[in-house]
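Heads up: the structure comes next, in structure tokens.
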2 protein chains.
Amino acid sequence: MPAEEPPVRPPTLSQVAARAGVSLKTASRALNGEPYVSGATEQRVRAAADELGYRLNGLARELRTGATSALVGLISGDLANPFYSAVASGVERELRRRGLLLVTVNNDENGELESSLVEALVERRVRALLVIPSGGGIVANSHNIPCVFIDRPPVGLVADSVLIDNAGGAHSAAEHLLARGHRRIALVADLVRTASQQARINGFSAAMRSAGNVDWEPYLRTDVHDAATAGDVVSELLALPEPPTALFTTNNRLTIGALRALRGRRFQPALVGFDDFELADVLGLTVISHDTTELGSMAARMAIERIGGYTGPPRTVVIPTTLIPRGSGER
Amino acid sequence: MPAEEPPVRPPTLSQVAARAGVSLKTASRALNGEPYVSGATEQRVRAAADELGYRLNGLARELRTGATSALVGLISGDLANPFYSAVASGVERELRRRGLLLVTVNNDENGELESSLVEALVERRVRALLVIPSGGGIVANSHNIPCVFIDRPPVGLVADSVLIDNAGGAHSAAEHLLARGHRRIALVADLVRTASQQARINGFSAAMRSAGNVDWEPYLRTDVHDAATAGDVVSELLALPEPPTALFTTNNRLTIGALRALRGRRFQPALVGFDDFELADVLGLTVISHDTTELGSMAARMAIERIGGYTGPPRTVVIPTTLIPRGSGER
DNA sequence: GTGAAAGCGCTAACAA
DNA sequence: TTGTTAGCGCTTTCAC
């Protein structure tokens, strides 16, 4: 049975200095490649560091140089959702180019947890915060650190945001279906408390109204939050006496649920889904597409500008959407 | 034009103490809920902290208490790949339960970059490192910090690992196809330099050999690394004078490429893909499935045990696979 | 109950 | 070119 080893502390700079027979500061200079160190001493210090397996202590350095870390936090839903992971991918790439590190945390779609995560990240002195709000609560940014909201604008404050053209995308989806003669178009939406879903519903609704199609409420289903439920909802819609001839689902999860419900049915209603995803092309699915990774990259760039000292007023960037016809929306 | 504001430093504990009219240590005690603080003092200190918008400086605390952070690093490929994001999701969930934070970095499938990322994370004093090796280089763990390898065992050292039953899964895929009478079975594989791909090829090969089917090399394609190339490779295979009647693709990306190439063709060879993914059910795709999220959770738990002081010998956990027949492998 | 002093590992400012 | 001193913001020790 292995003895309870005392946690062996990593070697420190002063140990390296002692071993190399120089002062602390000289060792520091040598290892950081600062000028005014003779080649010989630098060699000796480096050798000593290697022998000891020395690693710089970034915490101590950051504390000394300003108590601010190289970390940027991203608070989002579960990374298993491709939307969030695409955003994270864009964020990470952009940060890494600047030598910043990404800390990802899952809010579990829970506003309270989200607030405590903000606290945890702020305590760790992240240099910026990127948030895809859960919609369940308010993320207060009383912390004076740069904060960029993604996909959903913050509740109750003005701040940097990167949004998708939700209303525009949903509008074009409705127009697309209306132009093909559909009248009974069902709308399957996620939690309406989120601004993005609200905008998608509004955009859809506006297009329907413009077309003089006002009696579609019987085909409206909201607060559908997972694929399984979406499937059930679609089955239920298709079982109506006057079933819809077309469906619009307002995010990838719901679209996937709808696809499952449609599988193997004789009657295939037209289907347009918000969010593109892998294999949508193979499935011949018409979607409202947008560059999800760019959403993250853009947010990261905005945060980096703030970190760099930019102090202009909050900005909102809207990422456009494109309708990609692949068959399911044209039948 | 806004003046160049001096970076305003966040308030410190001693400022809080001064404002509350107590000593530094008393303020510390009050805010940390330690005993031996009178209720009145605690109230005063808390009030002062609120007024100043004080946040504890986690860096300073960690430096003082042991120079070790609450961070765990995950080095993987692009999170836009659902395999990696599923792993990350499992890791994050497990870490968060313990109050640890996940730092994710993308190795860009580049061994050299990977090594420098390890350095960067070690300097930040992460408490553990989880690595999905790129296969392009060796991750040296001379840092004496807990390290768990995921999906691919480390090159040249023995360490904690969580692997998928690659050989077994590939073996069962081949058996499945052989049992349905296929003889000309093509194998489309990713970079053979990775151990996981090697194991999948070996498993497949062993099953073929057991069945006395030894002349399948003409249908072997390796080092296919993206979906587009996989599609081209499949098209090329099907254009052979004696085209394969079945395909086995060794990861989700290649499977997707194959699906694209197969789309709209008159002749549909049987297809089994390694890795399950969303919508595979809708597509009627037979896959070798495994619990990817569990891969991450398990790795995180192993790392947490090491952080907790466990010093036993390195362990290897193998996550099982299941063949899920959905039609494409049975035709 | 409370406080003063020391020090975590490092770098900035100033000597030598 | 090198070394000394101080101190980042906090917790630990020990004294009051």
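All values derive from a computational prediction rather than experimental measurement. Letters A, B, ... mirror the listed sequences (proteins, then strands); counts begin at 1.
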Nearest-neighbour nucleotide for the T41(A) side chain, dC10(D), dT2(D), dT2(C) considered: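 Of the options given, the side chain of T41(A) lies nearest dT2(D).
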Could you check which of dT12(D), dT2(D), dT2(C) has an atom nearest any side-chain atom of K25(B)?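 Of the candidates, dT12(D) comes closest.
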Just to confirm, is there a sub-4.0 Å distance from OP1 or OP2 of [N] to any side-chain nitrogen or oxygen of [X]?
{"X": "Y54(B)", "N": "dC10(D)", "answer": "yes"}
{"X": "S23(A)", "N": "dG3(D)", "answer": "yes"}
{"X": "T65(A)", "N": "dC10(C)", "answer": "no"}
{"X": "S28(A)", "N": "dT11(C)", "answer": "yes"}
{"X": "T12(A)", "N": "dC8(C)", "answer": "no"}
{"X": "T26(A)", "N": "dG3(D)", "answer": "yes"}
{"X": "N32(A)", "N": "dT11(C)", "answer": "yes"}
{"X": "R9(B)", "N": "dG9(D)", "answer": "yes"}

[X] [atom1] to [N] [atom2], straight-line distance once rounded to whole Å:
{"X": "Y36(B)", "N": "dT2(C)", "atom1": "OH", "atom2": "C1'", "value": "13 Å"}
{"X": "L31(A)", "N": "dT2(D)", "atom1": "CG", "atom2": "P", "value": "14 Å"}
{"X": "N57(B)", "N": "dG7(D)", "atom1": "CG", "atom2": "P", "value": "18 Å"}
{"X": "L63(B)", "N": "dG7(D)", "atom1": "CG", "atom2": "P", "value": "17 Å"}
{"X": "R124(A)", "N": "dC10(D)", "atom1": "CZ", "atom2": "P", "value": "13 Å"}
{"X": "L13(B)", "N": "dT12(D)", "atom1": "CG", "atom2": "P", "value": "13 Å"}
{"X": "L24(A)", "N": "dG7(C)", "atom1": "CG", "atom2": "C1'", "value": "14 Å"}
{"X": "R55(A)", "N": "dC8(C)", "atom1": "CZ", "atom2": "C1'", "value": "20 Å"}

For residues S89(A) and D78(B), is any side-chain donor paired with an opposing acceptor at under 3.5 Å?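 Short answer, yes.
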Could you check whether R124(A) and N57(B), counting side-chain N and O atoms only, form a donor-acceptor pair closer than 3.5 Å?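 No - no donor-acceptor pair under 3.5 Å links their side chains.
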First of A27(B) and A60(B) reached from the 5' end of DNA chain C, by closest nucleotide: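 Result: A27(B).
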As a quick check of understanding, evaluate side chain to side chain contact (heavy atoms under 4.5 Å, CB included) for I307(B) and V72(B), giving each step before the final call. CA-CA 10 Å; I307(B) 291 173; V72(B) 170; 4.3 Å; yes
Under 4.0 Å between a side-chain nitrogen and a carboxylate oxygen: does that hold for R96(B) and E92(B)?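 Counted as a salt bridge, because a side-chain N and a carboxylate O are separated by less than 4.0 Å.
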Keeping the roles fixed (side chain from R306(B), backbone from G312(B)), state whether a donor-acceptor pair exists under 3.5 Å.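 The answer is yes, because a donor-acceptor pair under 3.5 Å joins these two groups.
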Give a yes or no on whether a donor-acceptor pair under 3.5 Å exists between the nucleobase atoms of [N], that is its base, and the side chain of [X].
{"X": "R29(B)", "N": "dG3(C)", "answer": "yes"}
{"X": "R64(B)", "N": "dG9(C)", "answer": "no"}
{"X": "R61(B)", "N": "dG9(D)", "answer": "no"}

Atom pair CD1/CZ of I304(B) and R127(B) - distance to nearest 0.5 Å: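 I304(B) CD1 to R127(B) CZ: 10.0 Å, rounded to 0.5 Å.
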